[in-house]
Each structure stands twice: as C-alpha cells, then as structure tokens.
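Read the structure below first, then the notes.
Throughout, a chain's letter reflects where its sequence line sits, starting with A, and its residues are numbered from 1.
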Amino acid sequence: MSRYSAAEIEEKWQQAWDKAGLFRAKRAEDKPKYYVLEMFPYPSGRIHMGHVRNYTMGDVIARYKLATGHNVLHPMGWDAFGMPAENAAMASGGHPKDWTYGNIDDMRAQMKPLGLSIDWSREFATCDPEYYGQQQALFLDMLEQGLVYRKNAVVNWDPVDMTVLANEQVENGRGWRSGALVERRELTQWFFRISDFAEELLEALDGLDDWPAKVKLMQANWIGRSRGLQFAFSLIDGPEGHDRIEVYTTRPDTLMGASFVGISPDHPLARQLEKDNADLAAFNAECRRMGTSEEELEKAEKKGFDTGLRVRHPFDTSWELPVYVANFILMDYGTGAIFGCPAHDQRDLDFARKYDLPVTSTYAPQTPDEAFTLPEDGGAAFVPPKTEKVHYVKGFAGDEVQSGEQAIDAAIAFCENNGVGQGVTKFRLRDWGLSRQRYWGCPIPVVHCDTCGVVPEKKENLPIELPYDEDGTPIDFSVPGNPLDRHPTWRDCACPSCGAAARRETDTMDTFVDSSWYFARFTAPRSATPTDMAEAEYWMNVDQYIGGIEHAILHLLYSRFFARAMHATGHLPQKAIEPFNALFTQGMVTHEIYQTRDENDRPVYHLPEDVEDAKLKATGAPVEIIPSAKMSKSKKNVVDPVSIIGAYGADTARWFVLSDSPPERDVEWTAAGAEAAHKHLSRVHRVVSEIAASDTPANDQDDALLREMHKAIHDVTGGVESFGFNAAIARLYAFANTLAKSKAGTQARKQAARALVQLMSPMTPHLSEDLWQTLGGEGLAAAAAWPQPDEAILVDETVTLPIQINGKRRAEISVPKDMDKSEVEKLALAHDAVTKALDGAQPKKIIVVPGRIVNVVI
RNA sequence: GCCCGCGUGGUGGAAUGGUAGACACAGGAGACUUAAAAUCUCCAGGCCGAAAGGCCGUGCCGGUUCGAAUCCGGCCGCGGGUACCA
C-alpha cells in the first residue's frame with residue numbers, strides 16, 4: 001500500500017480539476033448562483049499565512065457551495081497600486097511596474113499549489129490599463145453627476161524630500177527618509193461626495209443582517225450622526241468682517257456653564273488675527289507642524305492661545321467669554337469653533353485648569369435643592385449621561401427632572417424659541433479625498449487648460465496610461481517628488497475642449513478607489529465598459545465576502561459608497577447598492593516582532609527565520625521581542641507558507657490554518673502544529689486505504705458507526721455553513737478516531753470512510769480526491785453531491801442529565817429523552833446524592849430543564 | 001485621546017445562560033522493535049487525599065440569576081481602526 005505523498009497527488013488532481021473546467025464560473029439559469037470573494041491581496045512579493053488562511057476559508061465555502069449545486073463565482077486578482085512599489089524603486093532602482101508584475105507572477109506561483117477552486121480566467125490587476133482605464137471612465141461619469149469636486153486640503157509635506165508623506169511615513173513629526181520636520185501644506189485636491197450619502201450609508205446598515213454587529217457599529221460610529229445646536233456668539237470689537245463666531249455643540253444643555261470659546265488654528269478668524277499678532281502666528285505655526293492624523297491631534301497636549309477678544313453669551317449680554325485658539329479643535333468638523341463647558345467635559349476641564357478659566361456647573365445630582373456639583377480639585381468632569389438616570393439641569397427647561405437627552409432636546413427647543421441658533425444634524429463623516437501626489441496609481445483623467453480651466457478627458461482617449469519611460473530613458477525614482485510632475489512629454493497635452501496646449505493632472509487616485517469596485521469588475525472582467533449589466537445582474541451581490549477586520553471601516557464604507565455611485569451612473573443594478581450580502585471578518589495571523597536598534601537608536605526589524613532563541617542567527621546579537629502583532633512587511637514579522645507547502649503539501653497547510661483557532665479570532669503562528677496536521681492526514685490516508693483494500697461481507701453491519709457517520713455529516717455541514725471551521729475539524733478528528741477503531745470488515749466501514757473523505761474535501765481537496773478514487777467513487781470528489789444526514793438517526797433515545805445541588809453538579813441520571821418533568825424530578829429526588837444532601841429536609845425549589853439539567857435548591 | 005474587539009490548563013482552543021476544559025499540540029507511562037523512527041494503548045486544570053471524595057478555578061472587583069466563561073456595571077492588559085499603510 002502506498003504512503004501518503006502530497007507532492008505526488010496534489011499536482012495530479014489540480015490538473016484533473018483544471019481539465020474538467022470545474023471552477024470556471026458559468027452564467028446559467030439552471031442552478032442558483034453563489035459569489036464568494038476574499039479580499040484580494042496586495043502583491044508584496046510573497047504570500048503569507050494570513051493569505052493562506054483567508055483564501056482557504058473562502059475555498060472551503062466555494063467548494064461546499066459547488067457540492068451543494070450552485071454556480072460558483074470565486075475569482076482572484078491583485079490590488080496592485082500602492083506605495084511599496086515606489087519605495088522599492090527608490091530603494092533599489094527598477095520600475096514599480098516591473099516590480100509589481102514580477103511580484104504578481106511570484107505570488108500566483110506560490111498560490112496555485114494551494115489548490116484553490118479559483119476561476120483564474122477572470123484574474124486581473126488594478127494596475128492593468130484595461131482595469132484602471134475603466135476606473136477613469138467611472139471617474140468621468142461621477143464627475144458629470146457631481147459626485148466628485150475639488151477643494152483645498154492639508155497634507156504632510158517633507159521640505160527636504162520635497163514630497164507629500166503618508167501618515168505612516170511620518171515618525172515623531174519627522175519624515176521617515178529625510179528626518180526633516182514635517183510641515184502641513186494645503187493643496188487643491190479631488191474629493192468624492194461620500195458625505196452626501198452619510199444618512200443613507202448609516203440607515204442601510206440596519207439591513208445588513210449577515211454582517212458582524214461590531215463592523216456595523218464601527219461604521220455607524222464612524223459616520224457619526226449627531227443632533228446638536230448651531231448658533232453664534234457675537235464678537236466684541238472683532239476685526240473687519242468678523243462680528244460673530246458660529247459654533248456647533250452636541251451639549252446645548254450645558255450652555256449656561258460656558259466658560260470660553262475655542263477656535264481652530266485654521267479658522268478664518270485665527271488666520272485673520274495672526275496677520276497682526278506675531279505670537280499668535282507663532283502659535284498657529286506650531287499647531288500646523290503637528291501631523292494630520294486624528295490620533296496625533298487628539299493625543300497631543302492640549303494648548304491654547306488667548307486672542308484677547310471677547311464674545312457675549314447669547315442669554316446674558318453682560319456675560320463675556322474669552323476667545324482662545326486651541327490646538328485640539330478640528331476645522332473639518334462642525335464649524336471649526338466650540339464653546340467650552342469645563343464642568344461637564346473632561347477636555348474642557350483640563351483646558352480650563354491650565355488657563356485658569358471659571359468652572360460653572362449646570363447639573364445637580366438629584367434634586368433642585370442640592371447644590372450644583374462642581375468637580376473637586378483634580379476631580380473629573382461630570383459628563384451628563386444621555387440616556388440613563390435623571391438629573392436637575394439649570395437653564396432652559398424650568399429645572400425639570402430629565403435625562404441628558406431630554407435636557408438636550410429641551411435646550412434646543414428653548415434656544416430656537418428665543419432666536420438663538422437652530423437644532424441641526426451633523427455627521428462626522430468627511431468627504432473622501434482621493435488625490436495622491438504619486439506615480440504608481442491610477443491617473444486622474446482631467447486636463448488643466450489656461451482658457452477652459454479643469455476639463456475632463458474624452459472617454460475615447462482612455463485609458464490615460466502611466467508613462468513607463470521618459471523620452472526613451474527609464475523613469476528615475478531616485479529624484480524626490482512625483483515623476484509625473486516633471487515628465488517632459490506626458491504632462492503636456494492638448495485641451496480636450498479647445499485643443500490648445502494644456503497640462504495633464506499629475507495626481508493619481510487613492511488606491512482605495514481601485515479596491516472599491518473590483519468585486520463588480522469580476523462579474524465581467526473583460527468588458528469594454530466598467531461592468532456588463534447582464535452579468536452584474538446575474539452575479540451580484542457578493543454572497544459571502546471574507547477579509548480582515550482591519551478593513552471594517554474604510555474599505556467597506558468606500559465600497560458601499562462606490563456601489564451607490566455606480567448605480568447612479570448606470571454601472572450597477574439597484575439591488576447591488578449594498579454589494580456584500582454577508583461579511584465575515586477573519587482574525588489576523590499575528591507573530592512576535594524582533595527588533596534591534598541602529599546607531600541612531602532607530603528600530604531595525606528582523607524576519608522570524610533569521611532569529612533563534614532571541615538572538616540573530618547571523619551575528620548572535622540579542623533581539624528585543626515585541627509582543628505578537630498583525631503580520632506586516634514593514635515590521636518583518638511574516639512567516640513564509642511556501643516552505644510549509646514544500647515540506648508537507650498544500651492539504652496540510654490548509655488543514656492547519658483552519659484547525660484550532662476560530663476563524664474570526666487572531667491566531668499566533670507557531671511552527672509546531674504543521675507536523676501534527678500532517679500526521680493526522682497520513683493517518684486518514686492509511687486508515688481509509690486499508691478499509692478500501694479490505695474484503696467486506698455484504699451483510700455485516702455496524703449501526704453505531706453509521707450513527708456516528710450521520711452525526712458527523714450533520715455537525716460538519718453545520719460547521720462549514722456557520723464559519724465554525726475549527727469545530728468542524730475537531731469533529732472530523734473525532735469521526736476519524738471512531739472510524740479507525742471501528743469493527744473491521746463491515747460495509748458500514750466503507751460507507752463511513754467515503755463520508756469522511758467527502759466531508760474533508762473542502763479542507764483537504766487533494767487527499768480527498770485521491771481517497772475518493774481509491775474507494776471507487778464515481779467521477780471527481782470535487783464535483784460529487786454533498787452527503788445528507790439521516791435526521792431520524794440523529795435523535796438520541798436517552799439523555800444524560802446532570803443533577804445540580806445549589807448550582808453545583810453532584811450527580812447524573814440517564815433518562816428517556818422525552819421523560820415527563822415530574823418523573824425526572826422524582827428520579828432526581830430519589831438519587832443518593834440528593835437524599836444525602838437534603839438529610840430529610842424538603843428542597844426549596846427544583847428546576848428541571850428537559851433534556852438539559854436538574855437543579856435542586858436546598 | 002476616541003471608536004470596536006479580545007482575555008479559559010504548559011499551549012491552540014471547546015462550551016453563547018444549563019456537566020468548564022471537547023478536539024488537538026507539547027508532556028508522562030506503557031506496548032511493538034536488537035535499537036530508533038513510525039504506529040498503537042493509557043494518564044493528564046490546580047490543591048488536599050491511599051481511595052471514595054472534597055475545596056478552588058474562565059484577567060481583576062462587584063451585580064443580576066435556581067444556575068454566569070457566557071448577561072450588566074467598574075477596572076487592568078493586549079490587539080484593530082483613527083480618514084495618505086493596504
């Protein structure tokens with residue numbers, strides 16, 4: 001009998017599937033369709049365990065759906081634009097295009113041996129001109145519909161490298177390459193009007209029943225609908241053109257506790273004042289040196305600058321409040337100005353203490369007779385809860401008992417009735433800035449003309465392709481800045497409108513644009529328009545989308561917006577505006593990070609394969625171990641699955657990444673498990689091969705084994721359908737153990753062996769295919785119909801009931817499954833352990849949960 | 001900082017209000033073997049005990065419940081996101 005040799009069988013069966021065209025998605029009305037999609041990879045050059053986990057999960061679903069009679073669409077492509085390609089070009093020469101396509105070839109070659117049931121005929125990369133040309137067409141349609149516009153926005157500017165930096169490229173306020181202090185710079189950029197859809201994107205979350213609640217919650221918080229009051233403070237002796245400061249607050253109920261007004265350093269008033277005030281100009285300049293990320297702004301020390309100006313409180317004209325410029329106020333949110341109420345907001349309280357501003361409370365603990373509470377020295381601010389408890393609030397509503405929410409509503413009503421502002425609904429969601437000052441992205445298809453202004457490129461001129469050479473010489477990425485900006489010929493073009501000499505837009509699109517519609521393109525990847533409506537009508541929506549939780553907000557929100565925009569521009573049917581019916585967010589594959597320091601004390605990261613016993617293999621130098629984190633190329637904490645596949649085969653790798661950890665949870669990679677997985681598959685191979693080769697008398701049965709078989713079919717099917725892959729695999733272990741120990745020489749054994757092989761086939765398709773053949777199965781296992789459990793056999797006749805005394809398990813009884821409650825009670829009370837514990841007394845209470853438990857309360 | 005998760009034996013985890021630790025890994029004992037590998041059998045949360053059995057136990061503190069790993073409140077730790085990483 002032959003031993004299990006993955007290397008021999010895996011290629012053989014991959015070829016057999018290929019030849020049968022089993023995974024080629026066919027649009028046909030005879031069967032229901034099923035579209036399963038895993039988030040496509042960035043072609044970094046090597047696949048890692050996260051990819052293997054992600055694509056194996058999708059493959060299990062795809063193969064299972066195929067076996068249950070669906071037309072399955074399971075495509076694969078490449079999210080191929082992005083910074084790493086340009087970084088590689090800058091670091092070691094070459095061209096981002098060559099680097100990227102080389103990586104794609106490498107990764108495809110690493111992926112194919114996994115035996116994934118992918119329709120490779122639909123493959124594309126987002127850097128293919130055929131793809132991004134269609135994206136440019138989408139952009140033009142969106143421009144025509146008013147879904148794209150231009151406005152100014154700030155970026156991180158590296159004054160030495162003369163380039164825009166991503167947030168990731170800013171380390172402690174300095175450019176990662178130059179080490180120069182980063183500045184903020186304002187540029188005119190393109191924006192998608194996603195905020196126009198804020199309300200709809202929020203409301204539609206309710207309909208996404210098969211999305212994880214946590215993702216919907218994160219998106220809802222991100223969109224951030226708030227109800228508040230917008231009103232103005234009148235400014236005393238303000239500069240020309242500034243007689244009021246418009247503010248937005250979600251807590252108008254605390255207006256009578258106002259202590260100061262704060263404005264953003266980018267507020268028009270701040271910009272006006274700094275012209276005549278050198279100190280303020282210096283303060284604002286310092287604020288503008290901070291990074292642009294929300295995290296950095298929020299974590300920075302709260303600082304303010306007293307402008308010397310005063311405003312009047314809207315309800316008491318003699319009450320004057322100082323106006324501060326404060327570094328924590330964002331121009332992007334609300335009106336770029338706030339009023340501070342230190343008693344009821346921690347950040348305002350910290351600010352007030354720092355600048356010696358009054359603290360006035362407007363909330364009493366329980367009754368109007370009690371003093372309004374003030375935070376004690378060093379104590380925390382009292383933030384009135386919106387929905388819970390009731391408090392007395394001073395101000396607008398006659399000191400009535402209310403919740404915070406009622407107080408807010410009352411305050412808004414009062415203010416509106418007294419001509420102080422109006423209640424408004426605002427969203428946190430900002431428009432999506434898509435301009436990137438980089439080469440390796442999809443060119444924005446517009447032209448700047450001195451006479452016509454910004455002119456859309458003509459569709460017949462698409463795709464606007466990225467130039468590969470600069471007049472015959474390769475583009476030089478060692479020079480700082482965007483190569484498109486200094487390109488001698490590409491930039492110069494004719495105005496599509498008047499034909500005069502004009503300049504092409506040199507900004508490219510955010511790579512999130514590329515990934516916001518690829519799922520739609522997969523339905524008709526060679527179409528001469530962005531989509532083919534007949535194909536989209538058939539294949540959309542994605543029935544099951546699988547990817548990392550790190551995409552819970554941006555990618556998924558952008559895709560939801562894009563689907564709506566594509567519907568509005570006639571590229572997707574109405575039913576596809578929510579493109580992902582079901583979402584599964586898999587956990588990440590994590591790994592420890594190994595770090596040493598260079599001469600400037602900057603961190604240097606090392607690959608796990610270069611480290612042994614906390615020391616560098618090469619030099620023996622000790623490494624610092626940083627706890628497990630998401631595998632990322634920049635931290636070098638990545639593990640190479642290729643070696644696992646080489647040593648044990650794809651089925652072992654697939655089995656391994658699905659076992660043990662629940663799919664939604666992070667899994668820390670350890671080398672130990674692969675060996676064990678391989679041992680088990682070898683055992684299955686051996687046991688099933690023996691059974692196949694044995695003589696079996698036709699009439700010798702084993703009902704217990706058949707019962708186990710039906711239970712296994714039931715449990716494994718349930719596991720696969722509910723993403724309980726680890727539980728399904730544990731069940732398969734148990735079933736394999738039962739089979740191995742079962743009575744030799746029965747027909748039931750052959751039947752059970754076949755069921756085992758079939759149940760394993762979504763996870764270990766090659767091994768299963770091989771054993772299917774050994775067992776004399778008809779056709780390909782991959783094409784065989786999924787087994788059905790015999791429901792009648794699954795029902796247990798007797799059940800074991802634990803008996804608890806005061807909630808602690810003390811005994812158990814075996815009873816018929818539908819035994820009457822009172823009968824169970826009698827049996828339980830008669831049990832030795834119970835009579836002993838009762839010691840002649842009567843129990844206080846007996847709880848009988850049929851089929852589950854008996855609890856005797858003494 | 002803010003939003004969202006997660007925390008169970010030596011390890012990965014199972015149990016989603018009802019017998020905590022399924023199924024595996026690592027470990028221990030044994031069988032087979034000249035030997036090793038492979039394979040097979042058995043043991044295994046901690047403490048006390050010869051055993052029967054008892055007590056403790058799901059990050060920490062408190063609550064709800066006949067009953068809590070599971071629900072609620074408060075902490076601690078770790079991770080993801082934070083709008084130009086993908």
Side-chain angles (χ1 to χ4, degrees), chain A residues 39 41-42 44 79 81-84 153 155-156 164-170 189 194 212-215 217-222 224 292-300 302 328 332 346-347 428-438 510-512 514-515 548-555 557-558 585 587-588 590 627-630 632-634 659-662 664-668 670 672-673 675-677 679-680 682-683 686 724 726-727 729-734 737 740-741 800-804 806-812 843-847 849 851-857:
Chain A
M39 292 179 186
Y42 177 78
S44 59
D79 188 14
F81 278 132
M83 288 202 303
V155 293
N156 299 307
V164 175
L165 297 177
N167 286 335
E168 196 192 46
Q169 296 173 313
V170 180
Q189 307 196 55
I194 187 172
K214 62 178 171 182
V215 173
L217 191 55
M218 279 190 265
Q219 292 221 350
N221 289 336
W222 183 262
T292 56
S293 78
E294 183 189 309
E295 183 191 5
E296 194 182 337
L297 292 173
E298 287 284 337
K299 281 168 113 168
K302 308 293 178 284
F328 57 87
D332 283 333
Q346 189 58 46
R347 193 170 61 183
R428 206 186 77 99
L429 181 68
R430 308 199 294 256
D431 276 337
W432 170 11
L434 67 120
S435 299
R436 296 293 181 274
Q437 297 70 39
R438 292 178 212 293
D510 178 6
T511 57
F512 270 122
D514 313 337
S515 55
I549 186 68
E550 68 271 25
H551 294 295
I553 297 173
L554 293 181
H555 162 62
L557 191 61
Y558 290 155
T585 53
M588 288 171 300
T590 64
S628 238
K630 166 184 166 182
S632 83
K633 224 184 162 216
S634 61
S659 44
D660 290 348
S661 265
E664 67 276 14
R665 207 163 338 162
D666 290 354
V667 57
E668 180 169 353
T670 58
E675 176 77 30
K679 270 187 193 173
H680 178 72
S682 305
R683 181 164 175 252
R686 190 176 62 248
N726 55 326
I729 283 189
R731 195 65 188 76
L732 284 166
Y733 267 105
N737 288 341
K741 287 174 194 173
T800 306
L801 286 186
I803 299 175
Q804 292 185 331
N806 289 337
K808 295 196 176 210
R809 192 187 67 89
R810 284 293 180 267
E812 56 184 38
K844 278 189 194 148
K845 201 173 179 182
I846 302 174
I847 289 116
V849 184
R852 301 233 69 148
I853 205 159
V854 181
N855 191 8
V856 181
V857 185

List in chain and number order the residues that pass salt bridge (charged side-chain N to carboxylate O under 4.0 Å, His left out) with A:D510, two or more places apart in sequence or in another chain; answer none if no residue qualifies. A:R436

Represent RNA chain B in dot-bracket notation, 5' to 3'. Only Watson-Crick or G-U wobble pairs with both distances under 3.5 Å count; pseudoknot-style crossings use [ ] and interstrand partners use |. (((((((..(((.....[....))).(((((.......))))).((((....))))..(((((..]....))))))))))))....

Go through the structure and list residues passing side chain to side chain contact (heavy atoms under 4.5 Å, CB included) with A:R809, not counting sequence neighbours. A:P802, A:E812

Once side chain to side chain contact (heavy atoms under 4.5 Å, CB included) is applied, do any residues pair with A:Q189, and if so which ones, sequence neighbours excluded? A:A153, A:V155, A:L187, A:F191, A:S435, A:Q437

Per A:F512 side chain, nearest of listed nucleotides B:G80, B:G13, B:A86: B:A86

Roughly how many Å is it from CG in A:L557 to C1' in B:C3, rounded to a whole number? 14 Å

In whole Å, what separates the P atom of B:A50 from that of B:U39? 38 Å

Give A:H551 one of three labels, base, sugar-phosphate or nothing, depending on what nucleic acid heavy atoms sit under 4.0 Å from its own. base

Rounded to the nearest Å, what distance is computed from the CZ atom of residue A:R436 to the P atom of nucleotide B:C85? 8 Å

What about A:R438: does its side chain form a donor-acceptor pair under 3.5 Å with the base of B:C84? yes

side-chain hydrogen bond (donor to acceptor under 3.5 Å, both in side chains) against A:R852, all qualifying residues, sequence neighbours excluded: none

A:M218 side chain, from C-beta outward: closest of B:C56, B:C4, B:G81: B:C4

Integer angstrom distance from the P of B:C78 to that of B:C72: 24 Å

Taking salt bridge (charged side-chain N to carboxylate O under 4.0 Å, His left out) as the test, write out the residues that go with A:K214, two or more places apart. none

Select one nucleotide: of B:C3, B:A20, B:C85, the one nearest the side-chain heavy atoms of A:N167. B:C85

Close N/O contacts between protein and nucleotides 62-70 of chain B (under 3.5 Å):
| from | atom 1 | to | atom 2 | distance (Å) |
| --- | --- | --- | --- | --- |
| B:C66 | O2' | A:N855 | ND2 | 3.2 |
| B:C66 | O2 | A:N855 | ND2 | 2.6 |

Using a 4.0 Å heavy-atom cut-off across all strands, classify A:G433 as base, sugar-phosphate, or nothing. sugar-phosphate

Could you measure between the two P atoms, the one in B:C71 and the one in B:A15, and give it in whole Å? 14 Å

Glycosidic torsion of B:G45 (syn if within 90° of 0, anti otherwise) classifies it as anti

At 4.0 Å (heavy atoms only), tell me whether A:S515 reaches a base, stays on the sugar-phosphate, or touches nothing. nothing

So if I take every side-chain heavy atom of A:I549 and compare against B:A86, B:A20, B:G80, which nucleotide ends up nearest? B:G80

Looking across every strand, which nucleic acid part, if any, lies under 4.0 Å from A:Q189 by heavy atom: base, sugar-phosphate, or nothing? base

Got A:L554 and A:W222 here, is their nearest side-chain heavy-atom distance under 4.5 Å? yes

Pairing residues for A:E296 by the salt bridge (charged side-chain N to carboxylate O under 4.0 Å, His left out) criterion, not counting sequence neighbours: none

Name the closest nucleotide to the A:E298 side chain, picking from B:G1, B:C84, B:A14. B:G1

Say you draw a straight line from CD of A:E168 to CE of A:M83; how long is it, rounded to the nearest 0.5 Å? 5.0 Å

At under 4.0 Å, does any side-chain N or O of A:S661 touch on OP1 or OP2 of B:G12? no

Excluding sequence neighbours, so at least two apart, what forms side chain to side chain contact (heavy atoms under 4.5 Å, CB included) with A:L297? A:R184, A:M290, A:L330

For the C1' atoms, the ones on B:C55 and on B:G1, what distance do you get once it is rounded to whole angstrom? 46 Å

Describe the nucleic acid contact of A:L732 in one word from base, sugar-phosphate, nothing, applying a heavy-atom distance below 4.0 Å. nothing

Identify, between A:K214 and A:N737, the residue whose nearest nucleotide on RNA chain B lies closer to the 5' end. A:K214

Fit a plane to each ring of A:F512 and A:Y558, take the angle between them on a 0 to 90° scale, and name the class: parallel (under 30°), tilted (30 to 60°) or perpendicular (over 60°). perpendicular

Which parts of nucleotides 37-49 of chain B does protein reach within less than 4.0 Å, heavy atoms only, written one letter per nucleotide 5' to 3' as B for base, S for sugar-phosphate only and - for none? --SSS--------

In whole Å, measure the gap between the P atoms of B:C23 and B:C42 for me. 12 Å

Listed by chain and number, what are the side-chain hydrogen bond (donor to acceptor under 3.5 Å, both in side chains) partners of A:N737, not counting sequence neighbours? A:R683

Across the strands shown, which category fits A:R852 at heavy-atom distances under 4.0 angstrom: base, sugar-phosphate, nothing? sugar-phosphate

When the C1' atoms of B:U11 and B:G27 are considered, how many whole Å apart are they? 11 Å

Pick the C1' atom in B:A26 and in B:U33, then give their distance to the nearest Å. 25 Å

Rounded to the nearest 0.5 Å, what separates atom CD in A:E664 from atom CG in A:N726? 7.5 Å

With a 4.5 Å cut-off on side-chain heavy atoms, are A:I549 and A:V215 touching? yes

Shortest side-chain distance from A:N726, nucleotide among B:G54, B:G81, B:G13: B:G13

Closest-nucleotide ordering on RNA chain B, the 5'-leading residue of A:P802 and A:V164: A:P802

Applying salt bridge (charged side-chain N to carboxylate O under 4.0 Å, His left out), can you list everything that pairs with A:R810, at least two apart in sequence or on another chain? none

Just the rounded figure in Å: distance from C1' of B:G80 to CD1 of A:I553. 9 Å

Presence of donor-acceptor pair under 3.5 Å, side chain of A:E295 and base of B:G81: no

NA contact type, A:W432, heavy-atom cut-off 4.0 Å: base, sugar-phosphate, or nothing? nothing

Which value, in whole Å, describes the distance between the C1' atoms of nucleotides B:A44 and B:G9? 10 Å

Measure from CG on A:L165 to P on B:C85 and round the result to the nearest Å. 11 Å

Tell me if the side-chain of A:Q437 makes a donor-acceptor pair with the base of B:C84, cut-off 3.5 Å, by modelled atom types. yes

Check every strand shown and say whether A:P41 touches a base, only sugar-phosphate, or nothing at a heavy-atom separation below 4.0 Å. nothing

Would you say that A:N855 contacts A:I846 through its side chain, given a criterion of any heavy-atom pair below 4.5 Å between the two side chains? no

Between B:G1, B:G13, B:A86, which nucleotide gets closest to the side-chain atoms of A:R665? B:G13

Reckon A:R428 touches a base, only the sugar-phosphate, or nothing at all at heavy-atom distances under 4.0 Å? base

Counting heavy atoms from C-beta on, name the nucleotide in B:U19, B:C25, B:G80 closest to the side chain of A:A676. B:C25

Could you tell me whether A:K844 contacts a base, only the sugar-phosphate backbone, or nothing, with contacts defined as non-hydrogen atoms closer than 4.0 Å? nothing

Could you tell me whether the phosphate oxygens of B:A20, OP1 or OP2, come under 4.0 Å of any side-chain nitrogen or oxygen in A:K808? no

